[in-house]
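Structure record follows, encoded as structure tokens.
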Amino acid sequence: MASDTEQIRGLGHSVRRVEDDRFIRGKGTYVDDVKLPGMLHMAILRSPYAHAKINGIDASRAQALDGVVAVVTGELMAQHNLAWMPTPSYDTQAVLATDKVRFQGQEVAAVIAEDPYVAKDALELIDVDYEPLEPIVTPQRALEPDAPVIRTDKEGKTDNHIYDWETGDREATDRAFAEADKVVSLDTFYPRCHPSPLETCGCVADVNPATGQATIWMTSQAPHAIRTVFALVAGLPEEKIRIISPDIGGGFGNKVPVYPGYVVATAASLLLGRPVKWIEERTENLISTGFARDFHMHGELALKADGTMTGLRVSLLADEGAFHADAQPSKFKVGLFGIVSGSYDLPAAHVAATGAYTNKAPGGVAYRCSFRVTEASYLIERLVQNAAYELGIDPAELRKKNFVPKDRFPYESATGFVYDSGDYQAAMDLALEKIGYAELRKEQEEARAQGKLYGIGLASFTEVVGAGPHHQYDILGLAMNDGAELRIHPTGKAILKISVQTQGQGHETTFAQIVAEEIGIQPEDIKVMHGDTDNTPYGLGTYASRSTPVSGAATAMVTRRVREKAMKIAAHLLEVSEEDVEFHAGTFSVRGAPDRTKTIQDVALAAYTNFPDGMEPGLEAVYYYDPPNLTFPFGTYAVAVEVDPDTGVWEVRRMVAVDDCGVRINPMIVEGQIHGGLTEGYGIAAMELITFDEDGNCIGANFTDYLLPTAVETPRFELGETVTPSPHHPIGAKGVGESATVGSPAAYVNAVIDALRPLGVTNIDMPLTSAKVWQAIQDAKALA
Ligand code: CDP
């Protein structure tokens with residue numbers, strides 16, 4: 001039997017990625033590869049100011065330039081009721097500025113021209129009369145009573161406050177703190193960073209003037225949801241909108257929102273009757289599209305003297321930028337930050353959050369993260385390490401003492417998440433064993449004795465992915481469910497259509513493996529289609545590692561639905577009753593007579609040629625999956641670093657990552673996902689930063705200033721795994737795409753802080769550039 005399964009290569013097989021054939025050969029089709037007859041090109045004029053009144057826009061010189069077809073301004077968009085659009089957080093966002101600009105890089109006007117270079121040249125000929133206003137570059141300043149109001153467009157708005165939100169039990173938490181032997185606190189800032197996918201955002205909008213059909217090729221992680229939003233915003237009939245997301249060169253959350261460029265290009269195509277292409281430049285991507293993080297956090301942990309954690313209190317201030325545009329489930333103002341108690345059995349917790357407008361780009365996207373779980377995981381893992389120091393307990397021991405024990409699952413956290421499964425101790429034990437923790441601590445002592453700065457950092461994160469059950473999880477009211485449609489052709493080959501949208505994660509391979517496992521058709525005989533709203537079932541898209549938990553489950557379920565029918569056809573072919581048919585790895589056999597068999601290919605042919613009387617012919621089904629719960633992947637990351645005391649440069653000596661994402665569909669792809677996430681986590685911890693000067697100028701607007709780790713800086717990773725299947729997912733899988741980005745920043749930072757511990761350093765906010773580390777060393781020495 002095992003050999004059959006070997007042949008089928010369903011779950012647990014490192015099947016090579018089918019999509020790589022076209023990528024490696026340069027045969028992928030990205031949005032910028034789409035070229036249509038008569039296509040025009042769009043370039044966007046962006047604000048040089050962070051905050052300024054617009055007294056007027058004169059586009060006449062641009063309009064007169066040879067090759068320019070139209071200049072679109074906010075005024076023109078307003079005539080069509082499109083100057084503003086709704087955001088996923090129930091705010092409004094300017095499509096093209098009319099009254100004011102509210103961040104540097106905001107969209108002010110667009111030029112549509114016969115060629116992209118003319119469009120760009122014409123931008124310089126647009127004269128905008130700006131009247132600069134005081135820019136607000138921190139949420140703290142934004143909330144001061146005398147701060148100028150950014151959102152003057154909102155009637156009656158007299159301040160920059162957006163929301164207050166809380167979760168958990170305040171009184172129980174206060175009690176825990178009142179009774180605590182020890183309270184450990186940490187103020188930390190998780191800075192603004194950017195998903196920076198290699199392919200920037202863009203679209204080709206083609207509205208056919210004769211039929212009214214709008215076809216929009218778009219770099220979107222959520223084509224179906226975007227279509228619905230377009231229909232609602234533009235008042236176009238939904239069936240006349242087709243969103244095609246072809247190959248996507250990385251998304252990481254950056255390609256979830258609707259950007260003004262998409263809206264203007266579509267409106268321009270509608271007005272001009274010609275296709276319009278807009279492809280963003282790198283700087284535009286970094287300064288104006290969805291940023292990530294930007295959370296100022298204060299955390300307090302209450303403990304007993306023996307190290308038992310009894311309470312967690314968090315207050316945070318979110319810098320939301322000029323428009324509140326976080327893409328997250330409607331009911332969660334700060335996403336799933338509420339998972340902040342992490343892997344620990346904390347009887348009481350309370351989180352209070354405030355959001356403020358500032359003169360910065362909007363977005364708050366879930367950069368490879370389940371809606372703010374990254375910030376939450378970072379905070380608790382940093383707090384735990386500092387608590388260990390203050391109590392004089394080894395950080396591994398303190399974690400071990402407080403982990404939710406494996407026999408307590410399903411476990412309800414103090415903020416109401418019901419963790420489906422976990423075995424935190426097993427993951428940590430493996431990580432410690434792989435890195436040789438006890439030995440490393442000895443080496444550290446020796447290194448310290450020689451004056452070296454050597455540190456070991458841990459992070460035992462719990463993730464929360466697979467949004468989600470429809471009662472709680474929706475985006476703009478749309479339930480966060482996903483679909484899958486499977487058709488088996490007469491020749492026994494199949495096509496699977498899924499609602500999620502791959503941006504490089506390998507869905508065309510792994511989703512075929514799920515079908516293979518369930519019905520026994522080999523992955524290479526299954527074509528996976530996605531990213532076309534006219535040809536795939538409805539669903540909310542790919543972000544927050546929800547593809548496997550939601551659409552992956554839909555795929556298993558739809559295949560089971562098809563298999564049920566296949567059983568009936570097999571019974572008919574084998575001339576036995578359905579109860580007498582057994583199925584294993586693509587073969588239907590008669591119970592008790594294993595020689596009498598039919599393959600899935602025989603059955604597929606019969607579904608179109610020789611099916612029982614009264615049965616509907618064909619072999620296909622569709623399934624929409626409403627997950628009963630989220631899934632909770634977890635892991636322990638262990639990092640060893642050495643810091644140069646003279647320069648502040650730190651180098652990762654070892655990085656061990658043990659992940660548990662339940663059943664692994666394709667171990668090779670899972671490892672690839674983890675490698676990518678660990679690299680991004682390292683980038684965030686060490687170098688990536690979008691920041692602003694006092695005038696609100698964005699620093700980090702190109703890859704010279706916004707540093708990404710290359711192969712040279714990226715540490716070597718040693719991976720390990722434990723497998724704790726999700727009890728409610730049809731194949732026991734949990735998501736994995738973002739685990740490493742969520743879990744690793746705290747591990748890297750904990751290692752550096754551990755190295756500096758003899759000097760008394762307890763915190764450095766990310767990114768831990770050598771300059772900042774050096775400064776922390778100098779400050780600590782000055783205090784000593
Ligand atoms: O939503 P997204 O695809 O970004 O994240 P995911 O569901 O965590 O999946 C990332 C990739 O890893 C996909 O190709 C999955 O099918 C694969 N995966 C897997 O092979 N086994 C798992 N347990 C989880 C994901």
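Order of appearance sets the numbers: ligands from 1, and atoms from 1 within every ligand.
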For Gly735, atoms of ligand 1 separated by under 4.0 Å from a heavy atom
8 (O)
Just go through Gln505, Lys734, Glu738 and tell me whose heavy atom is the nearest to atom 22 (C) of ligand 1.
Lys734
Check whether any N or O atom of Gly737, backbone or side chain, sits under 3.5 Å from an N or O atom of ligand 1, and answer yes or no.
yes
Assess the side chains of Ser377 and Glu463: does a donor N or O sit below 3.5 Å from an acceptor N or O?
no
Which of the numbered atoms in ligand 1 are below 4.0 angstrom from a heavy atom of Ala733?
23 (N)
Side chains of Thr536 and Ser499: is there a donor and an acceptor less than 3.5 Å apart?
no
What part of Arg546 sits under 4.0 Å from ligand 1 if we count only heavy atoms: the side chain, the backbone, both or neither?
backbone
Check whether any N or O atom of Asn666, backbone or side chain, sits under 3.5 Å from an N or O atom of ligand 1, and answer yes or no.
yes
Under 3.5 Å, N or O to N or O, is Thr548 touching ligand 1 that way?
yes
Relative to the ring of Tyr190, is the ring of Tyr378 parallel (under 30°), tilted (30 to 60°) or perpendicular (over 60°)?
perpendicular
In chain order, what residues pass the side chain to side chain contact (heavy atoms under 4.5 Å, CB included) check against Glu721, with sequence neighbours excluded?
Arg664, Val723
Any Gly662 heavy atom less than 4.0 Å from ligand 1:
no
Per-atom contacts of ligand 1 with Cys661, taking only distances under 4.0 Å to non-hydrogen atoms
23 (N)
What residue and heavy atom of the protein are closest to atom 5 (O) of ligand 1, and at what distance?
Ser545 CA, 3.5 Å
For Thr542, the ligand 1 atoms with a heavy-atom partner under 4.0 Å come out as 1 (O), 2 (P), 4 (O)
Between Ser89 and Thr87, is there a side-chain donor-acceptor contact under 3.5 Å, judged purely by atom types and distance?
no
Side chains of Lys406 and Thr724: donor-acceptor distance under 3.5 Å anywhere?
no
Do Phe511 and Thr555 have side chains that approach each other closer than 4.5 Å (heavy atoms only, starting at C-beta)?
yes
Candidate with minimal heavy-atom separation from atom 3 (O) of ligand 1, of Arg664, His507, His729:
His507
Above 12 or not: heavy atoms from other molecules or residues under 6.0 Å from NZ of Lys331?
yes
Could you tell me whether Val736 and ligand 1 have an N or O pair separated by under 3.5 Å?
yes
Should the pair Glu688-Arg293 be classified as a salt bridge under the 4.0 Å nitrogen-to-oxygen rule?
no
Side chains of Glu713 and Thr710, donor plus acceptor under 3.5 Å:
yes
Salt bridge flag under 4.0 Å for residues Glu320 and Arg372
yes
Residues which pass salt bridge (charged side-chain N to carboxylate O under 4.0 Å, His left out) with Asp659, listed by chain and number, not counting sequence neighbours
none
Return a yes/no value for Ile665: is any of its N or O atoms, backbone included, closer than 3.5 angstrom to an N or O of ligand 1?
yes
Report the nearest protein non-hydrogen atom to atom 2 (P) of ligand 1: residue, atom name, distance rounded to 0.1 Å.
Ser547 OG, 3.5 Å
Of Val500, Val670, Ile674, the residue with the heavy atom nearest atom 19 (C) of ligand 1 is Val670
Is there a nitrogen or oxygen of Pro549 sitting under 3.5 Å from a nitrogen or oxygen of ligand 1?
no
Report the part of Val663 (side chain from C-beta onward, or backbone N, CA, C, O) that has a heavy atom under 4.0 Å from ligand 1; answer both or neither where that applies.
backbone
Tell me: protein heavy atom nearest atom 16 (O) of ligand 1, and distance?
Thr510 OG1, 2.8 Å
